[in-house]
S.K.: 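The structure under discussion is supplied below as structure tokens; questions concerning it will follow.
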2 protein chains.
Amino acid sequence: MGNIRATFRSQCDNGNAMDARIPSSNTESPWLPFESRRRARDEKREAVLRAAVQLFLEQGYHRATLNDVAKRLNITKPALYNYFRGKDEILFECWSIGHELVDECIAETSASAGSGLDKLRKLTIRYAELMTTDYGKSLVRFDLRDLSEHNRKTVQTAKRRIDRAFRDYIASGIADGSVKPCDPKLAAFAIAGSLNWIGHWFQPGGELTGRAVAEEFAIRLTDGIAKTTTRETTTRKAAVPAAEKAGKPPRKGNASREDGSEHHTRAAAGAAGQSKRSRGRLR
Amino acid sequence: MGNIRATFRSQCDNGNAMDARIPSSNTESPWLPFESRRRARDEKREAVLRAAVQLFLEQGYHRATLNDVAKRLNITKPALYNYFRGKDEILFECWSIGHELVDECIAETSASAGSGLDKLRKLTIRYAELMTTDYGKSLVRFDLRDLSEHNRKTVQTAKRRIDRAFRDYIASGIADGSVKPCDPKLAAFAIAGSLNWIGHWFQPGGELTGRAVAEEFAIRLTDGIAKTTTRETTTRKAAVPAAEKAGKPPRKGNASREDGSEHHTRAAAGAAGQSKRSRGRLR
DNA sequence: ACTATTTATTACCCGTGGGTAATATACGGG
DNA sequence: CCCGTATATTACCCACGGGTAATAAATAGT
């Protein structure tokens with residue numbers, strides 16, 4: 001039955017020519033079928049996450065099995081446990097990467113100059129574009145309840161932080177006169193909801209590029225509350241910065257290390273990278 | 001272990017006083033603990049659906065088990081199979097009810113007079129309010145991929161119909177001058193996305209009523225594309241019409257009735273009720 | 001009352017899939 | 001060259017939950 005020895009290699013024929021790191025479906029496996037398996041640990045870890053997030057999005061978290069994930073990487077299920085404590089931790093890490101990317105967007109936006117409306121637009125366009133990527137979709141397509149208690153709290157906190165950013169920009173926009181008076185809470189819900197929904201319908205192969213959707217939405221969503229209706233060409237900048245490697249293995253270990261919560265820095269490229277990633281669960 | 005004989009009755013102490021039918025979390029079971037179990041078949045069927053949709057929303061489809069559903073109704077799992085062919089069919093029926101409700105909204109809106117913008121606003125407010133109900137949430141919180149091939153197609157078709165309604169109203173609004181020129185497709189995505197997201201965050205117990213959210217969203221979302229910015233008090237009408245009973249049992253039967261697709265009419269109260277519900281799957 | 005039909009119950013099956021134990025192979029350093 | 005560590009494999013466990021078979025209780029009809 002098993003014995004999937006060589007005979008693979010399958011979809012690993014795109015040679016190289018990739019420098020963009022995180023967001024972009026980077027489908028190649030560091031595990032070449034049966035020989036030459038060395039490579040930095042973190043690259044493998046990230047490869048697992050890339051495969052996992054793709055599968056979770058394609059099939060849904062519950063339908064996608066760890067065997068599926070492993071198969072896509074030319075390895076077997078137990079090998080995954082060298083890098084993660086369990087399925088839900090993989091899910092959490094996908095979520096974490098998404099949140100780091102959002103935090104970068106927020107940090108950059110907050111650091112920039114401009115009115116409240118300017119910032120709202122800037123965040124909107126960045127957030128929208130993020131929603132067209134795999135890790136961005138993670139933020140809205142996965143179910144909080146699949147996480148452990150501890151990790152769920154972490155994610156909830158992060159989500160609140162995002163919501164806060166939208167509200168703050170709107171509120172400051174009202175204060176500086178760039179935004180019409182309105183309830184920041186509901187307005188934020190309306191805008192963020194529309195953006196989040198992108199993660200449900202956007203398909204990378206479609207007629208629309210992520211950038212195009214982002215720009216259109218930025219105009220459409222902010223026009224309703226802007227004091228002066230603008231149809232400007234929005235700011236143009238680089239897509240998303242790369243992520244540099246760091247951190248160390250989770251190690252399950254037979255010596256019961258209870259509640260080991262360690263950190264894994266994934267520095268931002270341009271802005272202040274205070275993005276951490278906590279690991280470990282109690283079980 | 002088992003032997004859950006009497007000793008129940010639990011949460012069945014709200015006496016009566018219920019007349020509102022479908023949308024409104026109507027938590028009471030026609031199966032009183034162990035005596036007097038008669039009642040029309042369809043009422044039981046609907047009670048199953050009410051319990052199921054609540055549980056699916058609370059816990060998520062995959063975490064909620066049929067035992068959970070049954071327990072909430074004071075019955076046991078196999079009893080559910082008197083009314084449904086399987087778990088995924090229950091899910092589908094929840095979806096179907098939601099779609100019938102949407103179809104009613106669309107039908108009423110289309111039948112009404114007014115500009116494209118008027119219709120867009122009318123649909124928006126109704127749709128938003130629907131998203132605050134259990135069956136409305138079904139439309140956006142459940143996963144298509146949990147359905148059988150056949151049922152999935154049905155739902156997809158229905159979803160396209162909804163999308164079409166939004167686009168058509170926007171397009172006709174552009175034609176009659178009530179809406180600013182824009183891409184109907186993207187504008188519809190933006191509005192519907194925002195509305196759909198309500199189904200993810202709205203909690204009935206919160207500070208906001210469904211009606212309040214609906215009215216605020218109707219203004220907020222259409223202001224961006226309206227030619228004349230209005231802050232009108234939106235139309236006031238009755239919530240949602242009742243549903244009358246009809247149809248007949250699915251019956252699994254040991255005589256293999258392959259591919260039995262029957263219909264179950266659920267007439268609308270005010271508008272033309274062409275809402276059908278197809279049943280059966282191939283397996 | 002007896003019987004047929006519907007509707008529920010108890011007891012069970014079994015596929016699936018997350019997770020683990022034991023083990024084999026590669027790698028790196030002294 | 002050999003040993004320790006990291007990393008992978010094979011083979012297994014077992015809980016969970018959807019679904020079914022056999023059966024019992026209730027209901028309706030005559």
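Convention: sequence-line order gives letters A, B, ...; per-chain numbering from 1. Basis for what follows: all heavy atoms, side chains included, without hydrogens, waters or symmetry-related copies.
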S.K.: Whole Å only: how far is the CZ atom of B:Arg45 from the C1' atom of C:dT6?
M.R.: 16 Å
S.K.: Base, sugar-phosphate or nothing for A:Ala70? Non-hydrogen atoms, less than 4.0 Å.
M.R.: nothing
S.K.: Could you give the distance from OG1 (A:Thr157) to CZ (A:Arg152), rounded to the nearest 0.5 Å?
M.R.: 12.0 Å
S.K.: What is the distance, rounded to the nearest whole Å, between atom CG of A:Asp88 and atom C1' of C:dG18?
M.R.: 10 Å
S.K.: What is the distance, to the nearest angstrom, from the CG atom on B:Leu80 to the P atom on D:dG17?
M.R.: 15 Å
S.K.: If I take atom NZ in residue A:Lys71 and atom C1' in nucleotide C:dG17, what distance separates them, rounded to the nearest angstrom?
M.R.: 12 Å
S.K.: Taking B:Lys137 for the side chain and B:Phe142 for the main chain, is one N or O donor matched with an acceptor at less than 3.5 Å?
M.R.: no
S.K.: Output the rounded distance in Å from CG (A:Asn67) to C1' (C:dT20).
M.R.: 14 Å
S.K.: Checking the side chain of A:Lys87 only, and the main-chain atoms of A:Tyr61 only, is there a donor and an acceptor separated by less than 3.5 Å?
M.R.: yes
S.K.: Considering just the side-chain nitrogens and oxygens of B:Thr65, establish if one lies under 4.0 Å of OP1 or OP2 belonging to D:dG17.
M.R.: no
S.K.: Side chain of B:Tyr83 only, heavy atoms from C-beta on: which candidate in D:dA8, C:dG17, C:dT7 is closest?
M.R.: C:dT7
S.K.: Test A:Asp143 against every option in B:Arg63, B:His62, B:Arg141 by the side chain to side chain donor-acceptor pair (under 3.5 Å) rule and name the one that passes.
M.R.: B:Arg63
S.K.: What nucleotide, of D:dG19, C:dG18, D:dT9, holds the atom closest to the side chain of A:Lys87?
M.R.: C:dG18
S.K.: In whole Å, I'd like the distance from the CZ atom of B:Arg63 to the P atom of D:dG18.
M.R.: 13 Å
S.K.: Are A:Thr76 and D:dT9 close enough that a side-chain N or O sits under 4.0 Å from OP1 or OP2?
M.R.: yes
S.K.: Starting at atom CG of A:Asn74, determine the distance to atom C1' of D:dT7, rounded to an integer number of angstrom.
M.R.: 16 Å
S.K.: Does OP1 or OP2 of D:dT7 have a side-chain N or O of A:Lys44 closer than 4.0 Å?
M.R.: no
S.K.: Return the value, rounded to whole Å, for the distance between atom NE2 of B:His62 and atom P of D:dG18.
M.R.: 9 Å
S.K.: Given the structure, check if the side chain of B:Lys77 and the base of D:dG17 hold any donor-acceptor pair shorter than 3.5 Å.
M.R.: no
S.K.: Under 3.5 Å, is there a donor-acceptor pair linking the side chains of B:Asp68 and B:Thr65?
M.R.: yes
S.K.: For B:Arg41 and C:dT6, is the shortest distance between a side-chain N/O and OP1 or OP2 below 4.0 Å?
M.R.: no
S.K.: Does D:dA6 have OP1 or OP2 under 4.0 Å away from a side-chain N or O of A:Asn82?
M.R.: no
S.K.: From the options D:dT20, D:dG18, C:dG18, select the nucleotide whose nearest atom is closest to the side chain of A:Tyr81.
M.R.: C:dG18
